[in-house]
Amino acid sequence: MKNFFIILSVLILLQMLKGCISEPTYNNSTTSANQSRYNDMNPADYYKEMKSDNLQYADIAWHAKNTYGWNCEEITNMGEAVSTSGQELRDSLLISQIQGTYSVATCTSGAKLRVYPRTSTYPIITNINGGFE
């Protein structure tokens, strides 16, 4: 009976912890890279403003196009967050920076890209398989 209460307590604590971890949110009010706030920003201010939190679809398209060089002028959809260990990134530094999820962005070009949020900086954006080629 004692083990039952220990297991129950651990499960309750895990549920409480899960509620404290927030999923990244994306806003689809603007969707095109040319609508991104980064277009009007002084590049010297990028480091202060380029965070993975509360990005517009337009900001993700901007990063996909301008930071990573993907053919993605506009985002039409962001899928639900998918849990990942990040092993597909094949780089221990990048893996250590991600928040443990990615979402699949669908671009008007047909490209599907993985968007990995990171803490206090812009997201990592890869091809659909988690690579950069």
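Position 1 is the first residue of the sequence, and the numbers go up from there.
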Side-chain (S36) to main-chain (A33) donor-acceptor, under 3.5 angstrom: no
Derivation of the side-chain contact (heavy atoms from CB on, under 4.5 Å) call for I124 and R118: CA-CA 7 Å; I124 296 170; R118 296 190 287 176; 3.5 Å; yes
Under 3.5 Å, is there a donor-acceptor pair between the side chain of Q35 and the main chain of S32? yes
Under a 3.5 Å distance rule, please check whether T31 uses its side chain to pair with a backbone N or O of A58 as donor and acceptor. no
Minimum heavy-atom separation for A105 and I75, please, with both atom names. CB-CD1, 3.7 Å
Inter-residue atom distance D53.CG - S120.OG, 0.5 Å rounding: 7.5 Å
Partners of N66 by side chain to side chain contact (heavy atoms under 4.5 Å, CB included), sequence neighbours excluded? W62
Just jot down the side chain to side chain contact (heavy atoms under 4.5 Å, CB included) partners of N42, sequence neighbours excluded, or say none. A44, D45
Is the backbone of T106 close enough, under 3.5 Å, to the side chain of N77 for a donor and an acceptor to pair up by distance? no
Below 4.5 Å, heavy atoms only, C-beta onward: do I128 and L113 meet side chain to side chain? no
Is S52 reaching over with its side chain to a backbone N or O of T121, donor-acceptor style, under 3.5 angstrom? yes
Derivation of the side-chain contact (heavy atoms from CB on, under 4.5 Å) call for V82 and V104: CA-CA 9 Å; V82 176; V104 176; 5.6 Å; no
In terms of heavy-atom contacts, M41 and Y46 come closest through SD-CD2, 3.7 Å
Qualifying ring-ring contact (aromatic ring centres under 6.0 Å, His included) pairs with a residue from residues 89-114, counting only residues at least two apart or across chains: Y102-Y116
Exam field: side chain W70 to backbone I125, donor-acceptor pair closer than 3.5 Å: yes
What residue pairs, at least two apart or across chains, pass salt bridge (Lys or Arg N to Asp or Glu O under 4.0 Å) with a residue in residues 87-110? E88-R114
Rounded to the nearest 0.5 Å, what separation is found between the CD1 atom of I98 and the OG1 atom of T119? 10.5 Å
Summary of salt bridge (Lys or Arg N to Asp or Glu O under 4.0 Å) pairs that have at least one residue in residues 119-128, sequence neighbours excluded: none
Side-chain contact, heavy-atom cut-off 4.5 Å: T84 with T101? no
Which heavy atom of P123 sits nearest to which heavy atom of V115, and what is that distance? CB-CG1, 3.8 Å
Pairwise salt bridge (Lys or Arg N to Asp or Glu O under 4.0 Å) hits with a residue in residues 54-80, at least two apart: R37-D59, K65-E73
Roughly how far, to the nearest 0.5 Å, is the CD atom of E133 from the CG atom of N127? 5.5 Å
Of all the heavy-atom pairs spanning Y122 and H63, show the shortest one and how long it is. CB-CE1, 3.3 Å
